[in-house]
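Note sheet for the following structure.
Throughout, numbering of the chain's residues begins at 1 and tracks the sequence. Not measured: the values here are computed from a predicted model.
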Amino acid sequence: MSDPRRLILLVLAASLAVSLGVPSALGQSAWDKKHSLDMKISGLRDEIARAKQKEGVLSTEISTASSRIGGLEGDIGALTVRLTALESDLAVQRARLARLQARFREQTRNLVRLQRDHRIALERLEARLVQLYETSDASELDVLFQSGSLTDLIEQLDYFSVIGEQDKSISDRLQRLKIDMHDARLRTAATKKDVAKATAVLARKTEEQRAARSQLIAQQSALAAARSSKQSMLASLQTQREEDEEDLAAMQAASAAIAAQLQGSGGSSGSGVSASGLIWPVSGPITSGFGWRWGRMHEGIDISAGCGTPIRAAAAGTVVVAGWMGGYGNLVVIDHGNGLATAYAHQSAIYASGSVSQGQTIGAVGSTGNSTGCHLHFEVRVNGSPVDPLGYL
């Protein structure tokens, strides 16, 4: 009860109850106080109803957000598993590509070396052939004469022959190695190209999965933040509603105390005629006052009474309506002249027609039409417009 507004309400209720303990305080002033309190009760009921409706909406939204968060959690888990596998495959492919790139560089270096060695071998072979050509004019006899012995001659001839064959063999072998290395390098380049292409595709898929997971995580975070905000709003609404319900209970107790004091002093006994000339149609406590209630205008007062309780005409007049009328159920309307009329709704039976005198039984209390229990809905209208009946009773 620390809320200043609630404290004021309780003080007001207490002061009303005390003031009503003095008979001289009864009358129009008491009715005005009760009417003011009943208007506040009606407004507070509307606030509580709206709060409950908003609580229901927020609870549904929170439940929906929780379901979506749970669903996203599953989706994120599945993407994480898929992403882990893709990242593992990508690491393997990148390692393989790195090995192929290293092999290609090594094969390129070897090919360059073999090309250089082959070029040197060809140069040596060409030089040897030139040398043999330049000495080809000398006859075998000259060579023989120049040789100290037959052994020297054979050695010289064998020397030229062996050297030439070796140079040719080296050149041929280097050529074959160069061709083989060139082919191997081409195969490595083709393999490297395929692996690079597959690696790029795998990297793209991995990035797409990573982006998709990041997006889901962002959605999940946003939903969690929104849910947290709604949960805070719901808690605040519930706290305020509970305080309003406590206020409502206090105000209703005060209103009931006023009604009891008025009824105990004859205000709703039906035995006296008010200053405006009307009497109470039935004896009983007021359960709902005139004014706005649950988002609409309550154009009369509800007086609690058991089903079958006789209903009396508040004043003499002419019955202008006697029958069923929508939410009013069984309704009697009496025209009293000078623009004044009274209405009696939810009747279980209608007895009146034509002219009636004040206090004449015109029907019985019931719960027909839009009603949740036995009571009389009583209205006073001036020139067709509803006014607070408590100002006329």
Side-chain angles (χ1 to χ4, degrees), residues 27-28 31-32 34-35 38-39 42 259 262-263 266-393:
Q28 185 64 39
W31 286 121
D32 290 343
K34 186 177 187 306
H35 171 65
D38 287 344
M39 289 289 288
S42 178
L262 289 170
Q263 186 175 359
S268 64
S269 65
S271 59
V273 179
S274 69
S276 61
L278 302 185
I279 65 171
W280 281 77
V282 293
S283 297
I286 298 173
T287 57
S288 182
F290 176 86
W292 287 97
R293 182 181 69 172
W294 304 316
R296 64 181 181 85
M297 185 66 176
H298 187 234
E299 297 178 335
I301 60 173
D302 292 340
I303 306 171
S304 178
C307 281
T309 300
I311 301 171
R312 297 179 296 274
T318 302
V319 175
V320 293
V321 174
W324 184 271
M325 185 173 288
Y328 284 104
N330 288 324
L331 175 69
V332 170
V333 178
I334 302 174
D335 181 6
H336 304 290
N338 297 320
L340 181 67
T342 54
Y344 313 78
H346 307 312
Q347 298 185 41
S348 60
I350 296 175
Y351 305 139
S353 63
S355 298
V356 295
S357 59
Q358 187 176 53
Q360 179 180 334
T361 299
I362 60 172
V365 172
S367 184
T368 57
N370 294 337
S371 172
T372 58
C374 293
H375 71 283
L376 173 65
H377 174 81
F378 178 66
E379 293 184 8
V380 174
R381 291 181 178 261
V382 176
N383 296 322
S385 299
V387 295
D388 189 352
L390 294 181
Y392 290 79
L393 293 174

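Closest heavy-atom contact between Ala305 and Val365: O-CG1, 3.6 Å. Among all heavy-atom pairs drawn from Val319 and Ala352, the shortest one is CG2-CB, 4.0 Å. Considering every non-hydrogen atom in both Ser304 and Thr287, the closest pair reads CB-CG2, 3.6 Å. Scanning both residues, Gln358 and Ile279, for their nearest heavy atoms gives NE2-CG2, 3.7 Å. Between Gln360 and Ser355 the shortest heavy-atom distance is OE1-O, 4.3 Å. Between Arg312 and Gly359 the shortest heavy-atom distance is CG-O, 3.5 Å.
Under the 4.5 Å side-chain criterion, counting only non-hydrogen atoms from C-beta, Leu376 is not in contact with Asp302. At least one side-chain heavy atom of Val387 sits under 4.5 Å from a side-chain heavy atom of Tyr392.
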Phe378/Leu393 under side chain to side chain contact (heavy atoms under 4.5 Å, CB included): CA gap, chis, key distance, verdict: CA-CA 11 Å; Phe378 178 66; Leu393 293 174; 4.0 Å; yes
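The disulfide bond (SG atoms under 2.5 Å apart) pairs that include a residue from residues 320-377 are Cys307-Cys374, where partners are two or more places apart or lie in different chains. Applying the disulfide bond (SG atoms under 2.5 Å apart) test to residues at least two apart or on different chains, none of the pairs has a partner in residues 317-352. Counting only residues at least two apart or in different chains, ring-ring contact (aromatic ring centres under 6.0 Å, His included) contacts with residues 300-320 are absent.
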Going by atom type alone, with no hydrogens or angles, which donor-acceptor pairs under 3.5 Å involve a side-chain atom of residues 327-341 and a protein atom two or more places apart or on another chain?
unit_1 : atom_1 : unit_2 : atom_2 : d
Tyr328 : OH     : Glu379 : OE2    : 2.8
Asn330 : ND2    : Gln347 : O      : 2.9
Asp335 : OD1    : Gly337 : N      : 3.0
His336 : ND1    : Ala315 : O      : 3.4
His336 : ND1    : Ala316 : O      : 2.8
His336 : NE2    : Thr342 : OG1    : 2.7

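In this structure, the side chain to side chain donor-acceptor pair (under 3.5 Å) partners of Ser367, at least two apart in sequence or on a different chain, are Ser371. The side chain to side chain contact (heavy atoms under 4.5 Å, CB included) test applied to Pro310 returns Thr361, not counting sequence neighbours.
Put simply, the side chain of His346 gets close to the backbone of Thr368: a donor and an acceptor are under 3.5 Å apart. His375 contributes a side-chain N or O that, together with a main-chain N or O of Gly373, makes up a donor-acceptor pair within less than 3.5 Å. No donor-acceptor pair closer than 3.5 Å links the side chain of Tyr344 to the backbone N or O of Ile362.
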